[in-house]
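Data first, discussion second: the structure below is written as structure tokens.
If you read the sequence from its start, that first residue is 1, and numbering goes on from there.
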Amino acid sequence: HPVAKLFVGFLPPQPVSLVIYRGHEGETETVTSYTGMVSSAKFGETCELTVVREQDALKRPVPAVKWQTQCPRQLFSKGCGVSKLAYLTAATIDSVAGTTVKSSQFAAKPNDYFRAGWIEAHGTCMAILSHTGDTVVLFYPLAGLQPGDVAPVYPGCQGTEDDCENKFNNIPNHLGC
């Protein structure tokens, strides 16, 4: 289903809302009886979406930042401070076979540079599980990605001090121990 596909690999870039209208057959007037946002997706033989009412979405307590081995900040977030544009690789796709994507631009970076990063194509993004040489393996095939496409690809961050310092030159914003 197209809605379920939005949640494969990553959360969709924009929140997904649900609006239920109530009305009477044969009449044009309807009233909104429920509004909510999809908060999670669980995959099995089917996809089960959990929806929370919009007025309840902000009632959850927000946990404080806790010190841990890995940095809890999301790469390219405001707290992280790394510029997404500065780390964009425009990769011309050489071949696509299921979850395996090849591009000579991948080989210009060290192995695992793109691991835990993502690739974008046709308005969708997909997580990268591994990167070796000119090859990345995606979490799930990226619909519509074809040889010759130029796709934005972003590196991943392991949340380690080493990645923060040596890959992103961002150690002052690292919150790991």
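Counting heavy atoms from C-beta outward, V137 and I128 have side chains that stay 4.5 Å or more apart.
When atom types are taken as modelled, the side chain of K167 and the backbone of G156 share a donor-acceptor pair closer than 3.5 angstrom. With hydrogens and angles ignored, the 3.5 Å screen pairs no side-chain donor or acceptor of D134 with any backbone N or O of S104. Within the 3.5 Å criterion, the main-chain N or O of A116 finds no donor-acceptor partner in the side chain of H131. Put simply, the side chain of H174 gets close to the backbone of G159: a donor and an acceptor are under 3.5 Å apart. At least one donor-acceptor pair closer than 3.5 Å links the side chain of Q70 to the backbone N or O of Q158. Panel note: side chain N170, backbone G81; no donor-acceptor pair is recorded below 3.5 Å. N111 contributes a side-chain N or O that, together with a main-chain N or O of G133, makes up a donor-acceptor pair within less than 3.5 Å. No donor-acceptor distance shorter than 3.5 angstrom exists from the side chain of D163 to the backbone of T160, with no hydrogens or angles considered. A donor-acceptor contact shorter than 3.5 Å links the side chain of S33 to the backbone of I20.
Cluster membership check: L88 shares its hydrophobic cluster with F168, using side-chain heavy-atom separations under 4.5 Å among Ile, Leu, Val, Met, Phe, Trp and Tyr. Taking hydrophobic clusters as Ile, Leu, Val, Met, Phe, Trp and Tyr residues chained together by side-chain heavy-atom distances below 4.5 Å, Y113 shares a cluster with L85. V153 and V150 fall into different hydrophobic clusters, where Ile, Leu, Val, Met, Phe, Trp and Tyr side chains are chained together by heavy-atom contacts under 4.5 Å. Clustering ILVMFWY residues whenever any of their side-chain heavy atoms sit less than 4.5 angstrom apart, transitively, puts M37 in a cluster other than the one holding Y21. By the criterion of side-chain heavy atoms lying less than 4.5 angstrom apart, applied directly or through intervening Ile, Leu, Val, Met, Phe, Trp or Tyr residues, F43 is grouped together with Y140 in one hydrophobic cluster.
Note that CG of D112 is 7.5 Å distant from OG of S130, once rounded to the nearest 0.5 Å. Atom SG of residue C71 and atom CD of residue E161 lie 10.0 Å apart, to the nearest 0.5 angstrom. Atoms CG and OG1, from L18 and T35 in turn, are 8.5 Å apart once rounded to the nearest 0.5 Å. Considering OH of Y34 and CZ of R22, their distance stands at 14.5 Å, rounded to 0.5 Å. Here E120 contributes atom CD and L145 contributes atom CG; the two are 11.5 Å apart, rounded to the nearest 0.5 Å. Distance CD1/I93 to CZ/F106: 4.5 Å, rounded to 0.5 Å.
The side-chain tip of K109 does not point at the ring of F114 from less than 6.0 angstrom away and within 45° of straight on.
Of all non-hydrogen atoms in L142 and M126, the two that sit nearest each other are CD1-CB, 4.0 Å. Taking all atoms of both residues into account, the shortest heavy-atom contact from S95 to P147 is CA-CG, 4.0 Å. Contact detail for T89 and Q105: the closest heavy-atom pair is CG2-CB, 4.1 Å.
For CG of D162, the number of neighbouring non-hydrogen atoms (other residues, nucleotides, ligands) closer than 6.0 Å is greater than 12.
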> Run the side-chain contact (heavy atoms from CB on, under 4.5 Å) check on C164 and I171 step by step: do they pass?
Replying inline: CA-CA 5 Å; C164 202; I171 201 69; 4.3 Å; yes

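Using a 30° and 60° split on the angle between ring planes, Y87 and F76 fall in the tilted class, from 30° to 60°.
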